[in-house]
There are 4 protein chains.
Amino acid sequence: MLSIQITTGSDVPIFRQIVEQVRAAIACGKLSVGDPLPSVRALAAEIVVNHNTVAKAYAQLIRDGIVESHQGRGYFVAERREIFTKAERTRRVNVMIQPLVSEAALLGFSGEEVLAMVEKQFSKMVASNQGNR
Amino acid sequence: MLSIQITTGSDVPIFRQIVEQVRAAIACGKLSVGDPLPSVRALAAEIVVNHNTVAKAYAQLIRDGIVESHQGRGYFVAERREIFTKAERTRRVNVMIQPLVSEAALLGFSGEEVLAMVEKQFSKMVASNQGNR
Amino acid sequence: MLSIQITTGSDVPIFRQIVEQVRAAIACGKLSVGDPLPSVRALAAEIVVNHNTVAKAYAQLIRDGIVESHQGRGYFVAERREIFTKAERTRRVNVMIQPLVSEAALLGFSGEEVLAMVEKQFSKMVASNQGNR
Amino acid sequence: MLSIQITTGSDVPIFRQIVEQVRAAIACGKLSVGDPLPSVRALAAEIVVNHNTVAKAYAQLIRDGIVESHQGRGYFVAERREIFTKAERTRRVNVMIQPLVSEAALLGFSGEEVLAMVEKQFSKMVASNQGNR
DNA sequence: GTGGTCTAGACCACG
DNA sequence: GTGGTCTAGACCACA
C-alpha cells in the first residue's frame with residue numbers, strides 16, 4: 001500500500017510533494033514496474049486534497065516518463081528509463097547549490113557549518129524515508 | 001563592472017535571478033561595501049527587462065539588509081549588519097537546503113557526492129574573492 | 001472583518017497605509033495567528049486600487065515575518081517568530097522615533113506631551129486587544 | 001552665523017534636513033524676524049550639496065510662511081505666523097505615533113521600553129541643538 | 001477561485 | 001540623471 005504524507009503550509013506545493021513521494025517509492029522499490037498507482041479520486045480522498053492537484057501530479061509523472069496511463073484502467077509504473085545525463089543532473093543540483101552558498105556566506109556561516117547542515121538534512125530525509133517502509 | 005546574465009523562460013523568475021547574482025557578487029567580493037549597483041533603468045535596459053522588475057529585485061536586496069538606496073543617487077552595497085537571529089539565519093539556510101537534498105537524492109546522488117559539490121562551490125566563491133583583492 | 005481605509009493624495013504611499021493598518025490589526029488582536037487576510041484582488045477592488053499595490057503591501061508583511069502566503073489559498077497571519085536581533089529591532093524602532101520627536105519638537109510639543117501621546121496610543125491598542133478576546 | 005549639519009545616508013532627504021534646521025534655528029532664537037538667510041549658492045557651497053537642493057529647501061520654507069524672498073536681495077526670516085491649530089498639530093504627531101506603537105509591539109517591545117526610547121531620542125535631540133549654539 | 005510575475009507606461013520626489 | 005509609486009492589463013502556477 002502506497003502511503004503519501006502531505007505537509008500543508010510547506011514551501012513545496014502539494015502536487016510536487018506527491019510527485020516526489022511517488023518517485024521515491026519507485027526508487028526505493030516500494031513500487032515496481034507495472035504496479036498500479038491509486039486512482040486519482042481515491043488518493044485525493046485519502047490525503048484530503050483537491051483531485052485536480054492529484055491529477056496534476058500524475059500528469060507530471062507521465063511527462064517525466066516514470067508513469068503511464070492506460071485509458072480506462074488507471075495509472076501504472078512505467079518501464080524505468082534514464083532521462084537525464086550525468087552532466088545534466090549535476091547541472092541541476094549545482095543550480096540549487098550556487099544561491100545556497102551565497103546566502104549562507106552573507107548570513108555569516110562558514111563552509112563547515114553549511115556542510116554540517118546539509119549532511120544533517122540528508123540523514124533526516126533518509127531516516128524519514130525508511131520510516132515509511 | 002557587474003555583469004548580470006538572465007535566462008528567460010527559466011522556472012526561476014527574472015527578479016530572483018538578479019537577486020541571486022548580485023548576492024553572489026557581494027558574497028565573493030566582486031562588489032564591496034559602498035560600491036554602487038548599476039542604476040535600475042540602466043540595468044533594465046542592459047538585460048532587456050522592465051525597470052519594475054529590476055526595482056523589485058533591488059527592493060528584495062534591501063529587505064535582506066545587504067544594499068541601501070539613496071533617493072536620487074542610486075543603490076549601494078551596505079555595510080554588513082547582524083540583522084537576523086541565529087535561529088532565523090539557520091532557518092533561512094535550511095529552507096534552501098531541504099529542496100536541494102531532496103532533488104539531489106531523486107537524481108541519484110549520494111550524500112557524499114552532494115557534500116563534495118557544496119564544498120566545491122564554496123571554495124570557488126572564496127577563490128574568486130581572493131582574486132578580486 | 002478587516003476594514004482598510006485609504007487616503008489618496010496623502011504623502012504616505014497607499015501600499016504603506018495598507019501595511020500599517022494590517023500591522024495595527026495584528027498588533028491589537030483584531031487578527032490572530034492563522035486568520036486569513038482579505039484576498040489580494042478582493043481588497044484591491046474594495047479600496048479601489050490596483051491589485052499590484054495590495055500585493056506589494058502583502059509582500060512587505062511577509063518580509064517582516066508577520067504573515068505567510070500559500071499559493072492558491074491566500075495570505076494568513078503567521079505565527080510569531082523572533083526574526084531580528086535585539087540591535088536590529090531597536091534600530092527599527094528608533095528609525096521611527098527619530099522623525100517623530102523632531103517633528104513634534106518643531107510643532108512645539110514638549111517631551112512630556114509626546115510621551116503622554118505615545119502612552120495613550122499604546123493603551124488604546126492594548127484596550128482594543130482585550131475587547132477582541 | 002547659521003550652521004547647518006547635513007547627514008548624508010540618512011533616511012531624511014537633505015532638503016528636509018535644511019528645512020528643519022532653519023526652522024529649529026528660528027524657533028530657538030538663533031535667527032530673528034528680518035534676519036537674512038545665507039544665499040542659495042553660498043549655503044550650497046558650504047554644506048557641499050547641489051544648489052537645487054538648497055533652493056528646494058528655501059522654497060519649502062517660503063511655502064510654510066516662515067521665510068520671505070526679496071527679489072534680488074535674498075531670503076529673510078518672515079514675521080512669525082501660527083499656521084496649524086492645536087488639533088492639527090496633535091493630529092500630525094499622532095499619525096506618526098500610530099505606526100510606531102504597532103511596529104514596536106510586533107517587535108516585542110513593551111510600552112515602557114518604547115517610552116524610554118522616545119525620551120532618550122528627545123534628550124539627544126535637545127543636546128545636539130544646544131551644541132549648535 | 002487564489003497568489004506570482006512581468007510589461008508598458010505614467011507621474012512624482014530627490015540631487 | 002537617480003529612485004519610488006501606481007495603474008492597467010496580461011499570463012502563469014496552485015488548489
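A note on names: the letters A, B, ... follow the listed sequences, proteins ahead of strands, and every chain is numbered from 1. Computed from a predicted structure; not experimentally measured.
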Legend entry - DNA chain E: 5'-proximal contact among C:Gly72 and C:Ala55 (nearest heavy atom):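 Its nearest nucleotide lies further toward 5', so the answer is C:Gly72.
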
Starting from [atom2] on [N], measure out to [atom1] on [X] and report it in whole angstrom.
X	N	atom1	atom2	answer
C:Asn50	E:dT7	CG	C1'	12 Å
C:Leu43	E:dG3	CG	P	10 Å
B:Ile47	E:dT7	CD1	C1'	14 Å
A:Ile6	F:dA15	CD1	C1'	12 Å
A:Phe15	F:dC12	CZ	P	15 Å
B:Ile14	F:dC12	CD1	C1'	13 Å
C:Ile62	E:dT2	CD1	P	16 Å
A:Gln17	F:dC14	CD	P	12 Å

Just N and O in the side chain of [X]: are any of them under 4.0 Å from OP1 or OP2 of [N]?
X	N	value
C:Ser69	E:dG4	yes
B:Thr53	E:dT5	no
B:Tyr58	F:dT2	no
B:Lys56	E:dT5	yes

Inset, instruction - Identify whether any heavy atom of C:Val49 sits under 4.0 Å from a base atom; if not, whether one sits that close to sugar-phosphate; answer base, sugar-phosphate or nothing. - result: sugar-phosphate

Inset, instruction - Remember a base hit wins even if backbone is also touched, and classify A:His51 as base, sugar-phosphate or nothing at under 4.0 Å, heavy atoms. - result: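 If one applies the 4.0 Å heavy-atom cut-off, A:His51 turns out to touch nothing in the nucleic acid.
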
Between the base of [N] and the side chain of [X], is one N or O donor paired with an acceptor at under 3.5 angstrom?
X	N	value
C:Asp11	E:dC12	no
C:Arg73	E:dG3	no
C:Arg41	F:dG9	no
B:Asn52	E:dG9	yes

Legend entry - Any strand: nucleotide that pairs with E:dG9 via Watson-Crick or wobble, under 3.5 Å: F:dC6

Legend entry - E:dC14: pairing nucleotide in any strand, Watson-Crick or G-U under 3.5 angstrom: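 Pairing partner: F:dG1.
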
Legend entry - Any donor-acceptor N or O pair under 3.5 Å, side chains A:Glu20, B:Ser102: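 Per modelled atom types, A:Glu20 and B:Ser102 side chains form a pair under 3.5 Å.
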
Inset, instruction - Assign each of A:Arg16 and B:Tyr75 to its nearest nucleotide of DNA chain F by heavy atoms, then name whichever residue's nucleotide is nearer the 5' end. - result: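 The residue whose closest nucleotide sits nearer the 5' end is B:Tyr75.
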
Inset, instruction - Would you mind telling me which residue lines up with the more 5' stretch of DNA chain F, B:Ser39 or A:Val12, judged by nearest nucleotide? - result: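 Closer to the 5' end of DNA chain F: B:Ser39.
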
Legend entry - Main-chain N/O of C:Val77 paired to C:Glu68 side chain as donor or acceptor, under 3.5 Å: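 A pair under 3.5 Å: no.
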
Inset, instruction - Please state whether the rings of B:Tyr75 and B:Tyr58 are parallel, tilted or perpendicular, taking 30° and 60° as the class boundaries. - result: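 B:Tyr75 and B:Tyr58: perpendicular rings.
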
Legend entry - Of D:Arg89, D:Arg16, D:Arg23, D:Arg91, the residue whose pairing with C:Glu103 passes salt bridge (charged side-chain N to carboxylate O under 4.0 Å, His left out):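 Going through D:Arg89, D:Arg16, D:Arg23, D:Arg91 one by one, the salt bridge (charged side-chain N to carboxylate O under 4.0 Å, His left out) with C:Glu103 is satisfied by D:Arg16 alone.
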
Inset, instruction - Output the distance between atom CG (B:Leu61) and atom CD1 (B:Ile18), rounded to the nearest 0.5 Å. - result: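 If we round to the nearest 0.5 Å, B:Leu61:CG and B:Ile18:CD1 are 9.5 Å apart.
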
Legend entry - side chain to side chain contact (heavy atoms under 4.5 Å, CB included) assessment of C:Ile6 paired with C:Thr8: CA-CA 6 Å; C:Ile6 294 302; C:Thr8 67; 4.1 Å; yes

